[in-house]
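Numbers here are sequence positions counted from 1. Just follow the structure's listing: the first ligand is 1, and inside any ligand the first atom is 1.
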Amino acid sequence: MRLPYIELDNPMAKDLDIGLIGIPWDGGTTNKPGARLGPRAARDASTSTRNTNRASGINPFALCNCADMGDSPVNPLDIIQCLDDIARFYSQINDVGITPLSIGGDHLVSLPILRALAKDRGPLGMVHFDAHSDMWDSYFGGSKFSHGTGFRRAIEEGLLDPKRVVQIGLRGALYQDAPDTWGEEQGVTVIDMDLFRTMGVPAVIDKICQVVQGGEPTSTSAVTGNGVYISFDIDVLDPAFVPGTGTPEIGGLTSYEGQQLIRGLRKLKVPIVGGDVVELAPMFDQTCNSSLVTVTMMYEILCVMAENMNTLKSKKKH
Ligand code: MN
Ligand code: MN
């Protein structure tokens, strides 16, 4: 986004409100790999990002002090080590009071980010856009850490409050006859693609706000809650718009519906403590349009995040 490049050890980092961070790692991928190359493709496509959002009038770069903070450390050879490395890096980001907006990487990168963000806050709410639940127990005979299991681990580890988690866009075939209901059994709200089509965008936005704010639009937990994380797996969008991803599922959201849903998060009255956009695999992206869509969704989240930070007065004093 042509922002200044300010790494964590730069003295100017302490003045940042929002840090854009790459996580060039896809060690949790079960299908087509390549999301490790997402950050560099996103940075390339993001050079055409402009300032002011026509729909909302928000200019995030005027509202908040933003920078590209470079990439998180990663380890392509050791999943557990890598999760620790990412969590340590995001703990340092969090300790300086910077709200992270990340570009993956496969979706397992959200787990160490949540470990860092929930450490002092307690269980977070989450708005999770995805074709997949990412709440399977294990893959390949017992492997617990993959991009299809990360949010189950996050709930088990107490990083997410399942009653304040909502998933939008789920679809596609299952591995077995039994439906994929583990998340709902924990209290997660699921708006799958069929339900999304039935409800329509405005009703879905209202439902999202109700869930992550703890049931009531004006409830006490909305004010005192631990904050909400936004996680956007680009495979929630139809592969007609985003072919450049490792596990595409047909029948998804249009890119415009994705924008509308993110813009609807302006209504949230809980602090947005972080966000990510994940699963961009640029080698399947022959037109570069997947990268453009990905960075545009990242920009839409940045707009909402910047306004949220100003409205709830959680921004630093400059
Ligand atoms: Mn995912
Ligand atoms: Mn997915």
Trainee: I'd like to know if Asp137 and Lys144 make a salt bridge, using a cut-off of under 4.0 Å between side-chain N and carboxylate O.
Mentor: yes
Trainee: Counting distance only, does the side-chain N/O of Trp25 pair as donor-acceptor with the main-chain N or O of Asn75 below 3.5 Å?
Mentor: yes
Trainee: Does Asp134 bring an N, O or S atom to under 2.8 Å of the Mn ion (ligand 1)?
Mentor: yes
Trainee: Would you mind naming the N, O or S atom of Asp233 nearest to the Mn ion (ligand 1)?
Mentor: OD2
Trainee: Do any of the N/O/S atoms of Asp130, backbone or side chain, fall under 2.8 Å from the Mn ion (ligand 1)?
Mentor: yes
Trainee: Are the side chain of Ser290 and the backbone N or O of Gly244 linked by a donor-acceptor pair below 3.5 Å?
Mentor: yes
Trainee: Would the distance check show the side chain of Asp26 and the main-chain N or O of Arg36 forming a donor-acceptor pair, the cut-off being under 3.5 Å?
Mentor: yes
Trainee: Answer yes when Arg197 and Glu257 have at least one side-chain N-carboxylate O distance shorter than 4.0 Å, and no when they do not.
Mentor: yes
Trainee: Give a rough value, rounded to 10 degrees, for the angle at the Mn ion (ligand 2) between atoms OD2 of Asp235 and ND1 of His132.
Mentor: 90°
Trainee: Check His107 and report its N/O/S atom nearest to the Mn ion (ligand 1), by atom name.
Mentor: ND1
